[in-house]
Amino acid sequence: MTGQVSERPTDFIREIVREDLKTGKYGGRVNTRFPPEPNGYLHIGHAKSICLNFGIARDFNGLCNLRFDDTNPTKEEVEYVESIKEDVRWLGFDWQERMYYASDYFSVMYDYAVQLIRMGKAYVCDLSPDETRQYRGPLTGPGKESPYRSRSVEENLDLFERMRAGEFPEGACTLRAKIDMASGNINMRDPVIYRILHAEHHRTGNKWRIYPMYDFAHCVSDSIEKITHSICTLEFEDHRPLYDWFLDQLNVYHPQQIEFARLNLSYTVMSKRKFLQLVDGGHVRGWDDPRMPTISGLRRRGYTPGSIRNFCDRIGVAKRDSVVDMALLEYCIREDLNKRAPRVMAVLRPLKVVLINYPEDQTEELDAVNNPEDPGMGTRRVPFSRVLYIEREDFREDPPKQFYRLAPGREVRLRYAYYITCVKALRDEKSGEITELHCTYDPATRGGDSPDGRKVKATLHWVSAAHAVEAEARMYNYLLLKADPDDVEEGKDFKSIINPDSLEILSSCKGEPCLADAKPGDRYQFERLGYFCADPDSSAERPVFNRIVTLKDTWAKVEKAQKGK
RNA sequence: UGGGGAGUCGUCCAACGGCAGGACGGCAGACUCUGGAUCUGCUUAUAGGGGUUCGAAUCCUCUCUCCCCAGCCA
């Protein structure tokens, strides 16, 4: 059992936890939390945090709470609460009965605020937002104390009570902590604790006219829930003194805040603000567009929860800013699907092939294995006949060096079927485009093996024309042309490097018959092409597939190298 | 001209005074009825200068570079 823990990925946070367990700092308890604000959809950066928090709880026999940080009613909605719950669950984590809201604690927070006032540690300030900013001072010098800083406890109590009662308009005043206007840390210059917001809250309705700020609400919520390790991202590092200050002043249970570097992924963006620009600008179809690194986008794309968890384990946890290569995410989904996805043949860009020596009205059923990595997945029968489709790019009239697929006079294997030889390429007079291939087949090679032992350089996938299922394939590529979203011309932003080919729709794909049964969410490997997932847009007559990821493509690499020369 | 953080292969993470290691990527090869998968090999790194030490990525010191902070957002 001890081995179990040590085999898990370790990182500096787990080391802290391990040490705290050893010294009995929290009585042997571990309790983390995942604290999203319900103001948008979760993305793979959140997945990193979810895997970290729930993972630590799992590894150390502790608990992880789900807590909605809902202290700003102007931005938050129930819709997001539901989607977040769905995403966390889908990722495979369970908060059991521990789902909380910061808004559950509004009364306690109010009492704590009153306590701070009584201690002379908080005051009601009438400065306008603009004045507050001015008084706060610059980064490089001290701020100025508010003229309202020395109000009496009684006056502050009265004013704060009236703030709560809704007597003042928004922005009229705030409750501020009395700390140090000269602090080098901006966060300690009398930060706002409560502001007036005449907004309806998605859970507390119109009960409150004042709402606590993050710095106050978060540490208090952690304290109430008896969190042991409050894990957050780097940008909160200089909020930590404030986190500690509140809890010290209130003299209550005190968790420790630990910061780690957020996830960045190459060739994409990772912030709600930028997602919004993509959606609003029509660059993607929505938050769950398969090109988006949102959890809902990845799910629709066909990523498995396990592959994302594995990815999060592999990227590690540290404090330095980093950009993880998208290739690692792709590796993780290939690794997962290689073992699990049934193989199937589908032709994305069909090229008609007529086997001129194959009987006109004959059809046969050939055996194909469903997954060579897992014989337990069995075999299926695939229909074969005189007219077939093969992939357009599997034929070259004038084959370049190292291209060993089909070409005039050349013999290749049709997977699980026969060896065929191309005898003629028919072309459209006007466009010059090749419209059809005439080939002969060798009846002795049925099943794909030649009795005379002759070898063939390539094996092609194919679909029988008469039995083909019509399908649409959505081919996704990286959202951005460059790995770094900030690698743009002066004065421009990431939108200037959006990949115009991030989506290519292929609407006349041909699939083998079993694809007619594809249900949204079903994943397949289209042999030699990639992993695909049936989209909810599929209809009974016409399945739609999202390309999750390509297979590794050695020929593409060779060809690219050739062109580069 | 403040405060907080961070600098290790192309990328991400490890090494906690004792041979700089793993993963992904890349390159080469083996195998293959998927140019898939699998297997093998190779490639490349401690930001810089001083110091302490038998020994430094690790400790000290100076310098350089990068990131975050001036919401009544989180």
Side-chain angles (χ1 to χ4, degrees), chain A residues 9-11 15 35-37 39 69 71-72 74-76 125 127-129 132-134 136-143 170-176 182-189 191-197 210-211 213-215 217-218 232-241 259 261 263 266 272 314-332 334-335 338-339 343 345 368-369 372-373 402-405 413-417 419 445 447-450 455-461 483 525-530 550-558:
Chain A
T10 196
D11 52 70
E15 270 175 35
E37 182 190 12
N39 73 339
D69 216 338
T71 57
N72 186 349
T74 65
K75 290 188 174 175
E76 296 148 7
C125 178
L127 252 27
S128 70
T132 306
R133 180 165 14 92
Q134 248 139 49
R136 188 157 34 228
L139 285 175
T140 51
E170 288 188 11
C173 51
T174 56
L175 183 72
R176 292 228 255 162
S183 173
N185 183 344
I186 292 278
N187 299 116
M188 300 301 271
R189 319 240 263 230
V192 172
I193 307 175
Y194 266 93
R195 79 285 216 191
I196 298 169
L197 250 29
I210 55 173
Y211 291 91
M213 296 287 289
Y214 165 84
D215 287 302
H218 204 88
C232 61
T233 44
L234 252 29
E235 68 269 26
F236 292 103
E237 211 150 17
D238 46 16
H239 291 239
R240 193 171 65 228
E259 311 84 12
L263 170 66
S266 60
K272 281 169 195 162
R314 283 169 175 271
I315 58 177
V317 179
K319 292 196 72 155
R320 77 171 96 156
D321 294 311
S322 62
V323 182
V324 175
D325 197 333
M326 186 67 91
L328 183 61
L329 217 209
E330 296 182 330
Y331 171 85
C332 290
R334 283 193 192 106
E335 184 187 44
N338 176 47
K339 288 185 231 119
R343 272 57 169 174
M345 290 193 287
V369 324
E373 302 294 314
Q402 289 185 78
F403 179 92
Y404 36 87
R405 278 113 98 144
R413 170 169 40 232
L414 293 182
R415 185 142 227 233
Y416 302 124
Y419 283 16
T445 57
D449 283 306
S450 168
K455 296 285 181 213
V456 105
K457 282 282 255 185
T459 299
L460 310 187
H461 61 279
Q525 183 196 104
F526 288 180
E527 292 219 25
R528 303 208 304 131
L529 297 171
T550 59
L551 254 28
K552 274 172 54 182
D553 189 346
T554 306
W555 164 241
K557 232 181 259 175
V558 170

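Keep in mind it's a predicted model, so treat the numbers as computed, not measured. Letters A, B, ... are given to chains in the order of the sequence lines, protein chains preceding strands, and every chain is numbered from 1.
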Does A/Ser183 reach a base, just sugar-phosphate, or nothing at all? Heavy atoms under 4.0 Å. nothing
Roughly how many Å apart are B/U61 and B/C67, using the C1' atom of each and rounding to a whole number? 24 Å
Give me the distance, rounded to whole Å, that separates B/G17 from B/A56 when you measure between the C1' atoms they each carry. 7 Å
The contact string for nucleotides 38-43 of chain B, one letter per nucleotide 5' to 3', using protein heavy atoms under 4.0 Å with B, S and - for base, sugar-phosphate only and none, comes out as ------
Within the structure, does a side-chain N or O atom of A/Lys455 lie under 4.0 Å from either OP1 or OP2 of B/U32? no
Sequence neighbours left out, what passes salt bridge (charged side-chain N to carboxylate O under 4.0 Å, His left out) with A/Glu335? Give chain and number order. A/Arg314
In whole angstrom, give the distance that lies between atom CD of A/Gln402 and atom C1' of B/G35. 10 Å
Please enumerate all protein N or O atoms sitting under 3.5 Å from an N or O of nucleotides 13-17 of chain B, with distances to 0.1 Å.
from, atom 1, to, atom 2, distance (Å)
B/A14, OP1, A/Val317, O, 3.4
B/C16, N3, A/Glu15, OE1, 3.3
B/C16, N4, A/Glu15, OE1, 3.0
B/C16, N4, A/Glu15, OE2, 2.6

Secondary structure string for RNA chain B (Watson-Crick or G-U under 3.5 angstrom, | for other-strand pairs): .((((((..((((....[..)))).(((((.......)))))....(((((..]....))))))))))).....
Residues in side-chain contact (heavy atoms from CB on, under 4.5 Å) with A/Thr233, at least two apart? A/Glu235, A/Phe236, A/Phe260, A/Arg262
Taking only residues two or more places apart in sequence or in another chain, which ones pass side-chain contact (heavy atoms from CB on, under 4.5 Å) with A/Pro129? none
Residues in ring pair (Phe, Tyr, Trp, His ring centres under 6.0 Å) contact with A/His218, at least two apart in sequence or another chain: A/Tyr214
Got a sec, which residues hit side-chain contact (heavy atoms from CB on, under 4.5 Å) with A/Ala182, two or more places apart in sequence or on another chain? A/Pro142, A/Asp180
Would you say B/C72 has OP1 or OP2 under 4.0 Å from some side-chain N or O of A/Arg136? yes
Qualifying residues under side chain to side chain donor-acceptor pair (under 3.5 Å), relative to A/Gln525, sequence neighbours excluded: A/Tyr531
List in chain and number order the residues that pass ring pair (Phe, Tyr, Trp, His ring centres under 6.0 Å) with A/Phe526, two or more places apart in sequence or in another chain; answer none if no residue qualifies. A/Phe532, A/Phe545
Test of understanding: with salt bridge (charged side-chain N to carboxylate O under 4.0 Å, His left out), list the residues that count as partners of A/Asp238, not counting sequence neighbours. none
If you look at every strand shown and take non-hydrogen atoms under 4.0 Å, does A/His239 touch a base, only sugar-phosphate, or nothing? base
Residue list, side chain to side chain donor-acceptor pair (under 3.5 Å) with A/Glu259, at least two apart or on another chain: A/Arg240, A/Gln257
